[in-house]
Protein chains: 2
Amino acid sequence: MNQPQQQETRAPVNHRILVVEDEGEIRQLIRYNLEREGFTVEEAADGAAALARIRRRAPDLIVLDLMLPGMPGLELCRQVRADPEIASLPILVVTARGSEVDRVIGLEMGADDYVVKPFSPRELVARVRALLRRAGHATEPTSDGLYERGRLRIDFDTYQVWVEGERKALALREFELLRFFVQHPMRVYTREQLLDMVWGRDTFVEPRTVDVHVRRLRQHIERDDANPRLILTVRSVGYRFDPSALD
Amino acid sequence: MNQPQQQETRAPVNHRILVVEDEGEIRQLIRYNLEREGFTVEEAADGAAALARIRRRAPDLIVLDLMLPGMPGLELCRQVRADPEIASLPILVVTARGSEVDRVIGLEMGADDYVVKPFSPRELVARVRALLRRAGHATEPTSDGLYERGRLRIDFDTYQVWVEGERKALALREFELLRFFVQHPMRVYTREQLLDMVWGRDTFVEPRTVDVHVRRLRQHIERDDANPRLILTVRSVGYRFDPSALD
DNA sequence: CCGCTTAGTAACATTTCCGTAACAAAACTT
DNA sequence: AAGTTTTGTTACGGAAATGTTACTAAGCGG
């Protein structure tokens with residue numbers, strides 16, 4: 001079933017990566033590993049400096065530590081997303097393990113992916129690569145609080161959902177799952193990927209549990225629960241959200 | 001393999017795990033818990049032995065205690081990473097609590113994850129699973145992209161295929177086979193090669209099964225199923241994909 | 001035209017996968 | 001503490017995918 005992985009070639013283009021991190025030691029480490037892979041690394045010690053630098057010349061990707069002094073990392077995240085000029089910049093968040101809040105909020109603020117500390121350099125590099133690769137395919141930047149399309153309406157700030165004008169009471173997980181789907185439309189995700197992104201990378205839940213939540217979500221948002229149009233099953237792969245069915 | 005209802009334990013493949021740990025007691029504990037979950041466990045008492053064993057036959061994952069006599073755990077870790085043959089082996093570190101140490105582990109040596117002593121068996125197993133899971137699709141879930149030529153259109157992200165604008169529902173194998181053909185045009189492949197590349201090297205399937213899948217694929221994408229133009233039979237050799245017939 | 005080899009096809013058997021409901025456990029409320 | 005909601009796990013059954021095989025058709029060399 002698994003195709004033999006091809007050996008990844010070194011970074012073909014010299015991508016510029018901005019590392020926003022106050023602890024010098026970790027910054028060094030990140031820099032070392034990224035440079036070894038052929039990336040060009042710039043540094044910023046805090047959010048304000050980072051923002052200035054970005055405005056002067058935008059990098060290809062930002063690696064952002066969430067525990068920043070002064071401007072909390074999230075604020076930087078939000079500001080980047082708020083500025084149309086740079087809103088599509090991929091952001092990789094570095095966060096401490098187990099801080100559920102950071103993860104959820106990070107993704108909520110519009111971070112594109114995250115790694116937990118202490119992280120393995122390999123994983124960091126892999127995720128940077130993955131983000132750069134799909135940088136073109138921008139996901140819908142839903143950092144502002146409202147999503148509205150066809151018969152679906154979501155307020156991310158107040159955690160409210162309406163279907164055909166009718167208010168639905170979603171449980172938190174259902175809501176987070178919906179959020180993820182809405183922000184990553186069309187592409188197929190495996191159960192494992194969904195667990196990583198919605199539940200968190202270091203929680204351990206059975207993959208089939210995803211099915212159950214998908215079902216519950218479908219019951220809320222699908223017109224005909226027996227023939228799903230929005231959350232589609234891709235057999236032996238995973239699930240896919242197709243917003244075009246909303247119109 | 002065909003018992004009516006066997007308790008399904010998660011472990012489709014019997015992963016081999018090397019435990020590097022000098023304290024016999026802890027080693028036993030780790031072994032017991034991993035084996036109970038269906039893993040095959042091998043042991044090594046110190047870094048040198050471990051390295052020899054790995055070179056002889058690489059396991060799927062290493063569980064490494066940091067306080068090893070002789071070669072410090074760090075050194076083993078480094079050596080593994082230095083050898084391209086085995087550099088991609090996932091390493092799970094077991095360590096005593098201590099903030100300083102933790103950081104060094106995660107950051108400097110390229111372990112992939114860690115647990116602190118005393119650890120709960122459940123957590124250990126969970127982290128082992130998570131690492132193995134990620135090692136599987138190490139690079140990225142799918143090769144990004146869109147293929148479009150003549151009357152054929154393939155979206156590799158969403159696993160969708162259109163022929164003459166009409167959506168076709170391919171099964172996964174059919175899709176993977178098509179993917180392979182599209183990515184390796186013109187050249188002839190034997191059934192055995194196709195099995196290796198599409199099914200995977202360690203699956204054991206009758207070569208003639210390829211015929212059946214080729215047929216099913218043809219039914220989807222060929223204009224005249226009786227006179228194939230795209231997937232051509234090369235008698236007594238194999239099959240060949242000719243995209244020029246698409247125009 | 002014959003005989004041999006190889007590929008195409010359909011039918012069948014087996015396996016895998018998913019939707020679902022029911023239950024259990026955990027988290028919250030009151 | 002009892003009740004309520006949310007969340008995760010599991011077993012079951014049906015459906016789809018996959019693999020095997022037997023039979024048929026086609027190619028090919030004489």
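Just so it is clear, the structure is predicted and the values come from calculations on it, not from any experiment.
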Legend entry - Listed partners of A:D224 passing salt bridge (Lys or Arg N to Asp or Glu O under 4.0 Å), at least two apart: none

Legend entry - Ring-ring centroid check B:Y189 B:F180, cutoff 6.0 Å: yes

Legend entry - B:V234: side-chain contact (heavy atoms from CB on, under 4.5 Å) partners, not counting sequence neighbours: B:V188, B:V237, B:R240

Inset, instruction - Kindly write out the residues that satisfy salt bridge (Lys or Arg N to Asp or Glu O under 4.0 Å) with B:R149, not counting sequence neighbours, or none if the list is empty. - result: B:D247

Inset, instruction - Using only side-chain N and O atoms of A:W199, determine if any of them is under 4.0 Å from OP1 or OP2 of D:dG8. - result: yes

Inset, instruction - Report yes or no: do A:E174 and A:H213 form a side-chain donor-acceptor pair below 3.5 Å? - result: no

Legend entry - Interatomic distance, A:F175 CZ vs D:dT6 P [rounded to whole Å]: 14 Å

Legend entry - Distance in angstrom units between B:L177 CG and D:dT18 P, rounded: 11 Å

Legend entry - Contacts of A:E164 that satisfy salt bridge (Lys or Arg N to Asp or Glu O under 4.0 Å) - sequence neighbours left out: A:R151, A:R223

Legend entry - side-chain N/O B:H213 vs D:dG19 OP1/OP2, d < 4.0 Å: yes

Legend entry - Angle between terminal axes - the helix from C:dC1-D:dG30 to C:dT30-D:dA1, 5 pairs each end, rounded to 10°: 30°

Inset, instruction - Could you state the atom-to-atom distance from CD of B:E176 to P of C:dT16 in whole Å? - result: 17 Å

Legend entry - d(CZ, A:R173; C1', C:dC28) in whole Å: 15 Å

Inset, instruction - Write down the distance between OH (B:Y159) and P (C:dC17), rounded to a whole number of angstrom. - result: 13 Å

Inset, instruction - Round to a whole Å and report the spacing from CG of B:L232 to P of D:dG27. - result: 14 Å

Inset, instruction - List the protein contact pattern of nucleotides 1-11 of chain C with one symbol per nucleotide (5' to 3'): B for base contact, S for sugar-phosphate-only contact, - for none; contact means a heavy-atom distance under 4.0 Å. - result: ----BBBBSB-

Inset, instruction - Applying side-chain contact (heavy atoms from CB on, under 4.5 Å), name anything that partners B:T40, two or more places apart in sequence or on another chain. - result: B:N14, B:R16

Legend entry - B:E206 CD to D:dG19 C1', straight-line distance once rounded to whole Å: 9 Å

Inset, instruction - Go through the structure and list residues passing salt bridge (Lys or Arg N to Asp or Glu O under 4.0 Å) with A:R153, not counting sequence neighbours. - result: A:E148

Inset, instruction - Specify the separation, in whole Å, of atom CG of B:L172 and atom C1' of C:dC18. - result: 14 Å

Legend entry - For B:R218, all residues meeting side-chain contact (heavy atoms from CB on, under 4.5 Å), sequence neighbours excluded: B:V214, B:E222, B:D225, B:P228, B:I231, B:T233, B:Y239

